2 protein chains.
Amino acid sequence: MQMVASVMLFDKEDSAGYLINHLARLFARELQDRIQPLGIATGQFPILLELWNGDGLTQRELLGEIDVEQATLANTLTRMERDGLIKRTKHPQDARAQQIWLTDKTKAIKADAYRAALETNQEALAMLSESEKVIFLGLIQKVIGTMRSE
Amino acid sequence: MQMVASVMLFDKEDSAGYLINHLARLFARELQDRIQPLGIATGQFPILLELWNGDGLTQRELLGEIDVEQATLANTLTRMERDGLIKRTKHPQDARAQQIWLTDKTKAIKADAYRAALETNQEALAMLSESEKVIFLGLIQKVIGTMRSE
DNA sequence: TATAATTGCATAGCATGCTATGCAAATGGT
DNA sequence: ACCATTTGCATAGCATGCTATGCAATTATA
């Protein structure tokens, strides 16, 4: 149970991976607190964002817009249908596929949900200057680009 | 199924929360690929980092160093014990508590595991200049600080 | 036009993480 | 000494995300 600081090979507080993971969980919790009253959850958010831009997409089409695996999307959609957040209808041309539609419930909360997400981001970045915010987003996008093409 | 770009209230590619979540998953997958051969998983990493600095801690003491909830830690420790990554012994002074110890297995992989984490970070940030790396980590830390105190 | 390959989804099984809750051991106050 | 509170940990139940696998419908090929 002894340690010497100079021997530490790795400080998690200076590890990009560790910090990003921690920050992602803080964001998720904050957003969850804000959207739970609307009856939706964090993992459903990206899907709803797509559908609010226009629904009737197939799962495959949705998948092209959202950065999760197919199985993750399928499971989330199942929960959303269970909770009355979406409807699935047979695709007219392809018997394997289904079209995914918003329900009245999710149509109704669009504005509140956007506000929740915007406020979460705003509060999180509140201590950054405008230029820092731009730099921050730019750096994240750059690292994502690096990691996606590995 | 129509949309007009000018009407979009929210672009997820400019949302800090969305980007951070995506990046965190990319990091997790990259790290997982590297440490799976060592017989460990991503959620165990912060715990092992602590224990490699000195073991024999109680769960409570570990919790003070790691940014997860108590129940999350307890569950992860249970899996680690199951997999022979740690041992738990009764605390000599407190019958409620246990001390947590590394096993030969986890002692042996320390260097490889550090290397895996360092390489993950290095590759992820490879497209950033040295000063950008410093700025990036600093901004993340700043946002974490903001969100923790809300 | 059969058959092979591909595509669209679903399911199984797991890890990580959360909130809520329970419980026994320890501590504090009277 | 007693009882109330606090502490340390475990468990239940859930969402999110992953890999691996299966399967039916479609498409491409021989």
Side-chain angles (χ1 to χ4, degrees), chain A residues 17-18 20-36 39-48 57-64 66-83 85-86 88-100, chain B residues 17-18 20-36 39-48 57-64 66-83 85-86 88-100:
Chain A
Y18 187 91
I20 293 279
N21 173 271
H22 188 189
L23 185 53
R25 285 183 287 118
L26 290 170
F27 262 102
R29 272 204 270 181
E30 181 66 28
L31 183 62
Q32 196 202 354
D33 288 348
R34 291 177 185 274
I35 64 178
Q36 191 165 289
I40 60 176
T42 57
Q44 306 168 347
F45 211 95
I47 297 171
L48 288 172
L57 302 169
T58 65
Q59 197 187 112
R60 164 94 356 220
E61 287 167 332
L62 258 182
L63 198 57
I66 297 177
D67 307 289
V68 296
E69 295 301 315
Q70 177 267 324
T72 300
L73 178 56
N75 282 326
T76 302
L77 289 173
T78 298
R79 283 192 299 274
M80 292 176 79
E81 191 171 32
R82 179 200 64 191
D83 297 341
L85 302 175
I86 56 160
R88 293 197 257 202
T89 61
K90 287 192 216 295
H91 191 281
Q93 268 80 50
D94 189 334
R96 296 167 303 178
Q98 303 174 48
Q99 288 182 286
I100 299 160
Chain B
Y18 188 90
I20 293 278
N21 173 271
H22 188 190
L23 185 52
R25 285 183 287 117
L26 290 171
F27 262 103
R29 272 204 271 181
E30 182 65 30
L31 183 63
Q32 196 203 354
D33 288 347
R34 291 176 185 275
I35 64 178
Q36 192 166 289
I40 59 176
T42 57
Q44 305 167 349
F45 211 95
I47 297 171
L48 288 172
L57 302 168
T58 65
Q59 195 186 114
R60 165 94 356 221
E61 287 167 333
L62 259 182
L63 198 58
I66 297 178
D67 307 289
V68 295
E69 295 301 316
Q70 176 268 325
T72 299
L73 178 56
N75 282 326
T76 302
L77 288 172
T78 298
R79 283 192 300 273
M80 293 177 77
E81 190 171 32
R82 179 200 66 192
D83 297 341
L85 303 175
I86 57 160
R88 294 197 258 201
T89 61
K90 287 192 216 293
H91 192 281
Q93 268 82 50
D94 190 334
R96 295 167 304 178
Q98 302 174 47
Q99 289 182 286
I100 298 160

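Computed from a prediction, not measured in an experiment: that's the story for all the values here. A note on names: the letters A, B, ... follow the listed sequences, proteins ahead of strands, and every chain is numbered from 1.
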**Request:** Quick one: list whatever passes side chain to side chain donor-acceptor pair (under 3.5 Å) with A:T76, sequence neighbours left out.
**Result:** A:R79
**Prompt:** Taking side chain as C-beta onward, heavy atoms only, is B:L63 less than 4.5 Å from B:R60?
**Reply:** yes
**Item:** Residue from A:L73, A:T89, A:L62 passing side-chain contact (heavy atoms from CB on, under 4.5 Å) with A:I100
**Value:** A:L62
**Fill in**
When rounded to whole Å, the NE2 to P distance for the pair B:H91 and C:dA26 reads 11 Å
**salt bridge (charged side-chain N to carboxylate O under 4.0 Å, His left out) against A:D67, all qualifying residues, sequence neighbours excluded** = A:R148
**Message:** Any heavy-atom pair between the side chains of A:T78 and A:R88 that's under 4.5 Å?
**Reply:** yes
**Request:** Can you check each nucleotide of nucleotides 7-20 of chain D against protein heavy atoms at under 4.0 Å and return B for base, S for sugar-phosphate only, - for none, in 5' to 3' order?
**Result:** BSBBB---SBSBBB
**Item:** Pairing residues for A:Q32 by the side chain to side chain donor-acceptor pair (under 3.5 Å) criterion, not counting sequence neighbours
**Value:** A:Q36
**Selection residues 89-98 of chain A - residue pairs positive for salt bridge (Lys or Arg N to Asp or Glu O under 4.0 Å), sequence neighbours left out** = A:D94-A:R96
**Asked** Between the two end axes of the helix from C:dT1-D:dA30 to C:dT30-D:dA1, each built from 5 base pairs, what angle do you get to the nearest 10°?
**Response** 10°
**Prompt:** Do any N or O atoms from the side chain of A:N21 and from the backbone of A:G17 form a donor-acceptor pair under 3.5 angstrom?
**Reply:** no
